[in-house]
*Asks:* 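Quick one: the structure is below, questions incoming.
What you are looking at is a predicted structure, and each value in this text was computed from that prediction instead of being measured.
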Amino acid sequence: MITESELLAKVPTGLLIGGEWVAAENGRTLAVNDPSNGTKLVDIADASVADGVRALDAAVAVQEEWAATAPRERGEILRRAFELVRERADEFALLMTLEMGKPLAEARGEVTYGNEFLRWFSEEAVRIHGRFGTNPEGTGTIVTSKAPVGPTFLITPWNFPLAMATRKIAPAIAAGCVSVVKPAALTPLTTLYFAQTLIDAGLPKGVVNVVTTSESRALSAEIIGDSRLRKLSFTGSTPVGRQLMKQAADGILRTSMELGGNAPFVVFEDADLDKAVDGALLAKFRNIGQACTAANRFLVHRSVADDFARRVTERVQAMKMGRGTEDGVQIGPLVDDNAVSGSHELVADAAGKGATIRVGGAIPEGPGSYYPATVLTDVTPDARLLKEEIFGPVLAIVPFDSEEEAVRLANDTEYGLVSYVYTQDLNRGMRMIEKLETGMMGLNAGVISNAAAPFGGVKQSGIGREGSFEGIEEYLTTKYTFVPRA
């Protein structure tokens, strides 16, 4: 097994521009820290705005050549990258645990999940197709074809460092698009190592460029405002996504936005409570609650609410908190101290308005950005955590009395990414599919993400889809040609 220091020594620390690892223009660096103890892991290049433009220059220079590359060749590069990530799975998992904090077992799961996007889109690269047919009047032929949309700017979040990179980069490569990738400054190391893996898989110079920066707003604005850019994909908060969409409007850019969530987890009176509790723990505490798909509001029928709360509390009390590399740890550190204070503020607000803290709810002493798994009951309607995305290991239970009330409470949010429903009544389950205002739903399932499924939301949770065959469409434009009959 590779040691932590050996692994960190393998990770590139520069900017990837035109196939070369280079220092930032001004020589600046930024520190990447270990959230389990606050110590520095490594210093990496801190790109200036000019560095961002250089990266776009490098991408634009090879767009035409890359678009003309055979789909099979693009697919084979992705397939080789898939095999390399699988060979390096332990290294990617440990790297994510070091920079983000998630337990090593979960990091291994992310490697498997994130890597599937490489395999999936390696297969989709050769399935890009159009249509050919006679027009209704019979006077000619309608031909539709697909073409790469062009240079793309891909902004990834800190919470799933590998999966969010592969979910954007893989379809761009498959479609024939070049890209500039800007990973989050908190967790950039996984993306840097993945970029080197793409190089090792034979990706031509300039097709993927990576810039890490502490000047995210200024660098992003410059790239988005460049007339050569044709596509923007962002995963992150709704307020930031809203601002980026405003900037993208000037260039009429194609945009994909995977934004915030406020997922309801609905447990009906006929649910299998054992399965519902298992699903609740997965939907809430996966990634230490730091996921846009994390269940935020647990709406439980009043007749089973006490039993559900008791079972959940017992399970949460047994969870081990600690550094993600330690055996048996289920709750690692949050990504930084701001995340800790954000979660605690929501818990304190709810408690101040009458909620009962069953377990957790206090910031532990000592080093590291830790917050314990927390369960709240008797949550009042005016509690902030029912309206705001928690992004931490906090489970809040609210009772309901009827199906109509459950639907009203579930939809009472500006977000609409995912919902979870537990019921043994198939007809009720089908009604929930129709009535809940979310882009995705887990019916008796606490984890739903899959590379073969379209990921995305409605309302202020974003636009566009990632994964599935819909995912590559985000990077393609449709051309129509009319050919008259002679």
*Asks:* State whether the number of non-hydrogen atoms from other residues, nucleotides or ligands found under 6.0 Å of Arg217 atom CZ is greater than 12.
*Replies:* no

*Asks:* With distance as the sole test, does Asn296 use its side chain to make a donor-acceptor pair with the main-chain N or O of Gly261 at under 3.5 Å?
*Replies:* no

*Asks:* Under 6.0 Å from the ring centre and within 45 degrees of the ring axis: does the NZ or CZ of Lys10 meet both conditions for the six-membered ring of Tyr193?
*Replies:* no

*Asks:* Any side-chain donor paired with an acceptor under 3.5 Å for Asp337 and Ser369?
*Replies:* yes

*Asks:* Say you draw a straight line from CG of Leu192 to CD of Glu99; how long is it, rounded to the nearest 0.5 Å?
*Replies:* 8.5 Å

*Asks:* I want to check a possible cation-pi pair here: Arg127 against Phe469, using under 6.0 Å from ring centre and within 45° of the ring axis as the test.
*Replies:* no

*Asks:* Specify the closest pair of heavy atoms between Cys292 and Glu258, including all atoms of both residues, with the distance to one decimal.
*Replies:* SG-OE2, 3.1 Å

*Asks:* Of all the heavy-atom pairs spanning Gln290 and Ala339, show the shortest one and how long it is.
*Replies:* OE1-CB, 4.2 Å

*Asks:* Is it the case that the side chains of Lys168 and Thr235 hold a donor-acceptor pair, with the cut-off being a distance below 3.5 Å and no angle test?
*Replies:* yes

*Asks:* Assess the side chains of Ser256 and Glu474: does a donor N or O sit below 3.5 Å from an acceptor N or O?
*Replies:* yes

*Asks:* Using a 4.5 Å cut-off on heavy atoms from C-beta on, say whether the side chain of Gln243 contacts that of Lys246.
*Replies:* yes

*Asks:* Testing the basics here: between Pro183 and Thr156, what is the closest heavy-atom pair and its distance to 0.1 Å?
*Replies:* CA-OG1, 3.2 Å

*Asks:* Any sub-3.5 Å donor-acceptor pair from Thr438's side-chain atoms to Met441's backbone N or O?
*Replies:* no

*Asks:* Where do Leu189 and Leu8 land on the side-chain contact (heavy atoms from CB on, under 4.5 Å) test, with the steps shown first?
*Replies:* CA-CA 9 Å; Leu189 303 182; Leu8 291 172; 4.0 Å; yes

*Asks:* If you measure from CE on Met432 to CG on Asp425, what distance do you get to the nearest 0.5 Å?
*Replies:* 9.5 Å

*Asks:* With no hydrogens and no angle check, just 3.5 Å: does a side-chain donor-acceptor pair link Asp270 and Thr423?
*Replies:* yes

*Asks:* Is a side-chain N or O of Ser343 found less than 3.5 angstrom from the main chain of Val340, in a donor-acceptor match?
*Replies:* no

*Asks:* So does Thr413 get a backbone contact from the side chain of Lys459, meaning a donor-acceptor N/O pair under 3.5 Å?
*Replies:* yes

*Asks:* Mind checking the CZ-OG spacing from Arg297 to Ser419? Nearest 0.5 Å is all I need.
*Replies:* 9.5 Å

*Asks:* Would you give the length of the straight line joining atom CZ of Arg431 to atom CG of Leu436, rounded to the nearest 0.5 angstrom?
*Replies:* 11.5 Å

*Asks:* How close do Ala175 and Ile128 get, heavy atom to heavy atom, and via which atoms?
*Replies:* CA-CD1, 4.1 Å

*Asks:* Distance-only, no hydrogens or angles: does the Ser36 side chain make a donor-acceptor pair with backbone N or O of Arg323 under 3.5 Å?
*Replies:* no

*Asks:* So does Lys275 have more than 12 non-hydrogen atoms from other groups sitting under 6.0 Å from NZ?
*Replies:* no

*Asks:* Go through the steps to decide whether Gln317 and Arg358 satisfy the test side chain to side chain donor-acceptor pair (under 3.5 Å), and finish with yes or no.
*Replies:* CA-CA 9 Å; Gln317 285 172 329; Arg358 294 287 191 100; over 6 Å; no

*Asks:* Using 4.0 Å as the upper bound for N to carboxylate O, is an ion pair formed by Asp307 and Arg311?
*Replies:* yes

*Asks:* Can you check whether Arg286 reaches Val447 side chain to side chain, under 4.5 Å on heavy atoms?
*Replies:* yes

*Asks:* Does the side chain of Thr112 reach to within under 4.5 Å of the side chain of Arg108, using non-hydrogen atoms?
*Replies:* no

*Asks:* Are the side chains of Lys353 and Thr380 in touch, meaning some heavy atoms are under 4.5 Å apart?
*Replies:* yes

*Asks:* Decide whether Thr144 and Lys479 meet the rule of one side-chain donor and one side-chain acceptor closer than 3.5 Å.
*Replies:* no

*Asks:* Write down the atom of Gly442, the atom of Ile448, and the distance for their closest heavy-atom approach.
*Replies:* CA-CG2, 3.5 Å

*Asks:* Is the side chain of Thr152 donor-acceptor paired with the backbone N or O of Leu232 at a distance under 3.5 Å, no angle test?
*Replies:* no

*Asks:* Do Arg315 and Asp278 sit within salt-bridge range, that is, some charged N less than 4.0 Å from a carboxylate O?
*Replies:* yes

*Asks:* Checking Asn33 side chain against Pro35 main chain: does a donor-acceptor pair fall under 3.5 Å?
*Replies:* no

*Asks:* Check step by step if side-chain contact (heavy atoms from CB on, under 4.5 Å) holds for Ile173 and Leu198.
*Replies:* CA-CA 11 Å; Ile173 289 174; Leu198 288 173; 4.2 Å; yes

*Asks:* Are Ile224 and Phe153 close enough that some pair of their side-chain heavy atoms sits under 4.5 Å apart?
*Replies:* yes

*Asks:* With no hydrogens and no angle check, is any side-chain donor or acceptor of Asp349 less than 3.5 Å from a backbone partner on His344?
*Replies:* no

*Asks:* Using a strict threshold of under 4.0 Å (side-chain N to carboxylate O), is an ion pair present between Arg119 and Glu123?
*Replies:* no

*Asks:* Output yes when Glu388 and Arg384 qualify as a salt bridge under the 4.0 Å nitrogen-oxygen rule, no when they do not.
*Replies:* yes

*Asks:* Lys102 and side chain to side chain donor-acceptor pair (under 3.5 Å): which partner among Asn159, Asn287, Thr97?
*Replies:* Asn287

*Asks:* Check Ser468 against Ala453 and note the closest heavy-atom contact, atom names and distance.
*Replies:* CB-C, 3.6 Å

*Asks:* Ion pair present between Glu473 and Arg465, side-chain N to carboxylate O less than 4.0 angstrom?
*Replies:* no

*Asks:* How are the rings of Phe121 and Phe117 set to each other: parallel, tilted or perpendicular (split at 30° and 60°)?
*Replies:* parallel

*Asks:* Does a side-chain N-to-carboxylate-O contact under 4.0 Å join Arg88 and Asp200?
*Replies:* yes

*Asks:* Do Val379 and Ile397 have side-chain heavy atoms sitting under 4.5 Å apart?
*Replies:* no

*Asks:* For Trp120, is there any backbone N or O sitting under 3.5 Å from a side-chain donor or acceptor partner on Ser122?
*Replies:* no

*Asks:* Any side-chain heavy-atom pair from Lys182 and Ser216 closer than 4.5 angstrom?
*Replies:* yes

*Asks:* If I take atom OH from residue Tyr422 and atom CG from residue Asp274, how far apart are they, to the nearest 0.5 angstrom?
*Replies:* 11.5 Å

*Asks:* Applying ring-ring contact (aromatic ring centres under 6.0 Å, His included) between Phe268 and each of Phe308, Tyr420, Phe400, report the one that passes.
*Replies:* Phe400

*Asks:* Begin from the C-alpha positions of Glu414 and Lys387 and carry the test salt bridge (charged side-chain N to carboxylate O under 4.0 Å, His left out) through to its verdict.
*Replies:* CA-CA 8 Å; Glu414 64 183 2; Lys387 298 295 183 182; over 6 Å; no

*Asks:* Could you check Arg310 against Glu314 for salt bridge (charged side-chain N to carboxylate O under 4.0 Å, His left out), going step by step and ending with a plain yes or no?
*Replies:* CA-CA 6 Å; Arg310 177 185 59 79; Glu314 289 175 354; 3.4 Å; yes

*Asks:* Taking Glu83 first and then Arg80, would you say they form a salt bridge - that is, a charged N and a carboxylate O separated by under 4.0 Å?
*Replies:* no

*Asks:* When rounded to the nearest 0.5 angstrom, what distance separates NZ in Lys435 from CZ in Arg428?
*Replies:* 10.0 Å

*Asks:* Using a 4.5 Å cut-off on heavy atoms from C-beta on, say whether the side chain of Ser233 contacts that of Glu466.
*Replies:* yes

*Asks:* Decide side-chain contact (heavy atoms from CB on, under 4.5 Å) for Leu346 and Val394; before the verdict, give the C-alpha distance in whole Å, the side-chain angles of both, and the deciding distance to 0.1 Å.
*Replies:* CA-CA 9 Å; Leu346 293 176; Val394 179; over 6 Å; no

*Asks:* Ignoring hydrogens and geometry, is there a side-chain-to-backbone donor-acceptor pair from Ser461 to Gly260 under 3.5 Å?
*Replies:* yes

*Asks:* If we ignore angles and hydrogens, is there a donor and acceptor under 3.5 Å between the side chains of Arg86 and Asn115?
*Replies:* no

